[in-house]
Amino acid sequence: MVNLPNRRRILRTGVWLGLSSLVPSARLHAAETALPTREVAEGIHVFGGRHELMRAANKGEICNVGFIVGKDAVAVIDSGGSVVEGRALIAAVRAVTDRPIRYLVNTHMHPDHVFGNAAFAEIGVQIVGHHNLPRALANRGSYYLSSYHDAMGSDLMADVRIVAPDVLVEVERQLDLGGRTLVLRAWKPAHTDNDLTVLDTATRTLFAGDLCFMEHLPTLDGSIRGWIEQLEPLAGIRASQVVPGHGPVAAKWPQALDDERRYFAAVVRDVRKAIAGGVPMGEAIETVAEDERGRWRLFDEHNPRNATAAFAELEW
């Protein structure tokens, strides 16, 4: 077995994926059009993702991504669902400022947030992530690449590499952009086991990643108990507004957590009722949180998996 440091180097080069390092120049510059972003606070620009599954038609642009401009440098939060989107995000930064992009922060491992990483690696940006992120990407990377190939298409997937972070956050870390400090915090298993939040102290704007879903049904890939337990400390962050991983590009904080708090309560209530009544998992997941159906986008696509994961966790 390859040890972690070596695997991380392999992940960064893309060799383990069998991909050529010689990318056609036309493809390198395919995304000349900047992502349309909105300035939600001074120096903070956000692109709003679509409430859809990743596919060729939307180029993987389904989550909120953004960037923060300091006096000396820029930090980008998540790279998007394709290298094309990543390059379009770089173009969006260039349209606003000529200050260098110093950091790319990955809020967690999911493809809609990290498939654009290679675009930033190409220009020498430091990538920052949760201390569990390299392991998670090593374990899931090849699966992500193969499973999204059909949905996204060979053109969009051609340049995608699994690029691990250079800088790891164990508990908390600060990034200095020049007169602007970002506070990064690593969380225990919740949405995933590698969730990271970013607080801009200048404007009290929080990038919550997928610890905060609005409109789009939350997706569970970590621990429902862990997520619920951490809602209070998450809500306790002294922010005035949040950029959720999915939903409006900015919302009031901590009110933005209300809907997912209610959804989790419904999931736990119905799963515990089914377990107590001896209802088999396969039957139970058909009715878990059914009263939440009309409140969320992509409910049918994600609720069965959430219910299955919650059942497995709470049963034991």
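We're numbering straight along the sequence, starting at 1. Side chains are part of it too, since the values below use all heavy atoms of this structure and drop only hydrogens, waters and symmetry mates. If you're wondering where the values come from, they're calculated on a predicted model, not measured in any experiment.
A donor-acceptor pair under 3.5 Å is absent between the side-chain atoms of His130 and the main chain of Thr107, judged by distance alone. Although no hydrogens or angles enter the test, the distance criterion places a donor-acceptor pair under 3.5 Å between the side chain of Arg102 and the main chain of Asp176. Here the side chain of Asp159 pairs no donor or acceptor atom with the backbone of Val84 at under 3.5 angstrom. When atom types are taken as modelled, the side chain of Trp253 and the backbone of Ile237 share a donor-acceptor pair closer than 3.5 angstrom. Looking at Gln241, its side chain never comes within 3.5 Å of a backbone N or O of Ala250 through a donor-acceptor pair. Looking only at distances, a side-chain donor or acceptor of Asn64 sits under 3.5 Å from a matching main-chain atom of Gly49. Formation of a donor-acceptor pair under 3.5 Å by the Glu52 side chain with backbone atoms of Ala57 is not found in this model. Under the 3.5 Å distance criterion, the side-chain polar atoms of Asn306 are matched with a main-chain donor or acceptor of Leu220.
Between Asp193 and Arg135 a salt bridge is recorded (basic side-chain N to carboxylate O distance below 4.0 Å). Ion pair Asp270/Lys273 not flagged as a salt bridge, since none of the NZ, NE, NH1 or NH2 atoms sits closer than 4.0 Å to an Asp/Glu carboxylate oxygen. Asp72 has no carboxylate O lying under 4.0 Å from a charged side-chain N of Arg180, or vice versa, which leaves the two without a salt bridge.
Considering CD1 of Ile127 and CZ of Phe120, their distance stands at 8.5 Å, rounded to 0.5 Å.
In the model, Asn117 has a side-chain atom that pairs as donor or acceptor with a side-chain atom of Ser79 under 3.5 Å. Between the side chains of Glu42 and Thr203, no donor N or O sits under 3.5 Å from an acceptor N or O. Counted by atom type alone, Asp112 and His246 present one or more donor-acceptor pairs between their side chains at under 3.5 Å.
Sorted by first and then second residue, the ring pair (Phe, Tyr, Trp, His ring centres under 6.0 Å) pairs involving residues 135-167 (not counting sequence neighbours) are Phe115-Tyr148.
Considering all non-hydrogen atoms of both residues, Gly60 and Glu85 come closest at O-OE1, 3.5 Å.
The neighbour count for Arg293 CZ, taken as heavy atoms of other residues, nucleotides or ligands under 6.0 Å away, is above 12.
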